[in-house]
Visitor: 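So that we are looking at the same thing, I have put the structure below in structure tokens.
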Protein chains: 2
Amino acid sequence: MNTKGELNRSVRNTKKRLRESLIKLVGEKPLSAVTVSELTEDADVNRSTFYFHYKDVYDMVTEMENLFLADFSVALGALEQKSHDTITILFKCLESHMDLCRILLGANGDMSFVEKMKRIVELKCSRIWKDAVPDLSDEETAIFDSFVVGGVMSTLQAWVRDNDRQPAEAIAGVLNRLVLDGICPVVANWQGNQRQV
Amino acid sequence: MNTKGELNRSVRNTKKRLRESLIKLVGEKPLSAVTVSELTEDADVNRSTFYFHYKDVYDMVTEMENLFLADFSVALGALEQKSHDTITILFKCLESHMDLCRILLGANGDMSFVEKMKRIVELKCSRIWKDAVPDLSDEETAIFDSFVVGGVMSTLQAWVRDNDRQPAEAIAGVLNRLVLDGICPVVANWQGNQRQV
DNA sequence: ATTAAATTCCAACAATGTGTTGAAAATTCA
DNA sequence: TGAATTTTCAACACATTGTTGGAATTTAAT
């Protein structure tokens, strides 16, 4: 294993072939049923070579997840306060990792991956309340966070799963309105008022 | 296998022991790492007996999931339009299946289980828009659904995961306000108006 | 082009788990 | 009690795992 970040050409090719085979196989059966043997056979890579790089299939998936999450995190971190474009950028990032995302966000997906994505999105969201309504308790903030982040993630998942996807901008628009016109006012007027129906 | 729903006493005991052992083992390692051998050994059940009832560990988990989902579905279906209490009832139901829910809703959880829960919650939610705003397109309805259902589920997950949980009523109150005062008005005024900030 | 390091391949290994079988023993319920 | 169901037990062939040592190949830098 190479401790430095640089990768050999053969390493690059080997891992790429393994990734392609994994995505192909997970299209046919759940990840839990994918064995190292069939994976390496499909990828035409010696089984020992697999173990030279990875501990097991899940270890490999984790690497793939992290490759995406790095992109995802950068995409989100790039923009500062321009929160209106935020959600659109999320969609674009998912679009460029569609194969992987469909696997990890679908049924038979990986909950820990979803949790990691949520945590990244949450960093952006929680700042919205923190800035707008500074005197909000931690408990309340946590609830708002989990609701909005969960709502956004769920919509992303549905979008990825859908075969004839609507344009990213359309959904981003709806989400923005729900959050900015729906949730934010409720949060802003939170202190000491009852439900007004 | 018994085709009728009634269960032998020995079957009840066997399955109960297996369930207890599974919950114990999943507390120590991810579900994917739990083998039939160690499960039956811990439960003090012969391995053949396991295969007499289940195809594999996932098959057994599916049965456990369905036992809960039946309760969950009944709890939700019981109330008619009294949407204010809906979310509280959700929490109570989770509370009585806490061990299982912590496993299935946590990291290392089961995405397909979350999807099944979502579908049940969605039946309740989508009716809210359908009744209030009849002339909403299917695409828009789908987005509202996935956002709100995802938000509710995410909050439930966070609540289950938390070790010192707030009382169910507190969170239910926040969720109700977010949905009824935040989301619903936006949906109701949806037709032909721009964002008003 | 040479060379040292890194990577891949190959064959073999013990160990573990899988899923199934058949027959005996035990349990359940009527 | 007796028939049906369930559990146990031992054994089986089979696949996967994770690791080994050494040979062959590829890489990247001089």
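Labels below follow one simple rule: chain letters A, B, ... track the order of the sequence lines, proteins then strands, and each chain is numbered from 1.
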Visitor: Could you give the CD-to-P distance, from A/E38 to D/dC14, as a whole number of Å?
Guide: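 Roughly 19 Å, once rounded to whole Å.
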Visitor: Do the side-chain N or O atoms of A/S10 get closer than 4.0 angstrom to the phosphate oxygens (OP1, OP2) of D/dT26?
Guide: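 For A/S10, the contact criterion (side-chain N or O under 4.0 Å from OP1 or OP2 of D/dT26) is not met.
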Visitor: Nearest to the side chain of A/S37, which nucleotide is it out of D/dT16, C/dT18, D/dT7?
Guide: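 The nucleotide sitting nearest to the side chain is D/dT16.
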Visitor: Please determine, for the side chain of A/T49, which listed nucleotide (D/dC9, C/dC9, C/dG19) has the closest atom?
Guide: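 Among D/dC9, C/dC9, C/dG19, the one nearest the side chain of A/T49 is C/dC9.
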Visitor: Output the rounded distance in Å from CZ (B/R12) to P (C/dT27).
Guide: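 It works out to 16 Å between those atoms.
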Visitor: Hey, does the side chain of B/N8 come within less than 4.0 Å of C/dC29's phosphate (OP1/OP2), counting only N and O?
Guide: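 For B/N8, the contact criterion (side-chain N or O under 4.0 Å from OP1 or OP2 of C/dC29) is met.
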Visitor: Heavy atoms only, 4.0 Å cut-off, all strands: where does A/T35 land among base, sugar-phosphate and nothing?
Guide: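 Since only primed, P, OP1 and OP2 atoms lie under 4.0 Å of A/T35, the category is sugar-phosphate.
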Visitor: For B/Y58 versus B/L31, what's the shortest heavy-atom pair and its separation?
Guide: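 What the structure gives for the nearest pair is CE2-CD2, 4.0 Å.
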Visitor: Toward the 5' end of DNA chain C, which comes first, B/Y51 or B/R9, by nearest nucleotide?
Guide: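 Between the two, 5'-proximity favours B/Y51.
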Visitor: If you measure from the Lys or Arg side-chain nitrogens to the Asp or Glu carboxylate oxygens, is any gap between A/R161 and B/E115 under 4.0 Å?
Guide: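 Salt bridge present between A/R161 and B/E115.
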Visitor: Could you tell me how far apart B/Y54 (OH) and C/dG19 (P) are, to the nearest whole angstrom?
Guide: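 So the two atoms are 16 Å apart, to the nearest Å.
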Visitor: Rounding to a whole Å, what distance do you find between B/D44:CG and C/dA26:C1'?
Guide: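 To the nearest whole Å, that distance equals 15 Å.
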Visitor: Using the ring of each side chain (for Trp, its six-membered ring), is A/H97 parallel, tilted or perpendicular to A/F68, with breaks at 30° and 60°?
Guide: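 A/H97 vs A/F68 ring planes: perpendicular.
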Visitor: Nearest whole angstrom, please: distance from the C1' of D/dT25 to the CZ of A/F52.
Guide: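 Result: 13 Å.
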Visitor: Separation of A/Y58 atom OH from D/dT17 atom P, in whole Å?
Guide: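 After rounding, the reported distance stands at 11 Å.
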Visitor: Under 4.0 Å between a Lys/Arg side-chain N and an Asp/Glu carboxylate O for A/E41 and A/R47?
Guide: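 No.
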Visitor: Send over the distance from B/D59 CG to C/dT18 P, rounded to a whole Å.
Guide: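 The distance from CG of B/D59 to P of C/dT18 comes to 14 Å, rounded to the nearest Å.
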Visitor: In whole angstrom, give the distance that lies between atom CG of B/N46 and atom C1' of D/dT5.
Guide: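 Checked: the CG to C1' distance equals 16 Å.
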Visitor: Starting at CZ of B/F91, measure out to CG of B/L175 and round the result to the nearest 0.5 Å.
Guide: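 The CZ atom of B/F91 sits 5.5 Å away from the CG atom of B/L175.
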Visitor: From the set C/dT8, D/dT17, C/dC9, return the single nucleotide nearest to any side-chain atom of A/V45.
Guide: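 For A/V45, the side-chain atoms sit closest to C/dC9.
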Visitor: Does D/dT6 have OP1 or OP2 under 4.0 Å away from a side-chain N or O of B/H53?
Guide: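 The answer is no; no side-chain N or O of B/H53 sits under 4.0 Å from OP1 or OP2.
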Visitor: So if I take every side-chain heavy atom of A/R47 and compare against D/dT27, C/dT8, D/dG18, which nucleotide ends up nearest?
Guide: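 Given the options D/dT27, C/dT8, D/dG18, the side chain of A/R47 is closest to D/dG18.
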Visitor: Under 3.5 Å, is there any donor-acceptor pair linking the side chain of A/S48 to the base of C/dA11?
Guide: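 Present.
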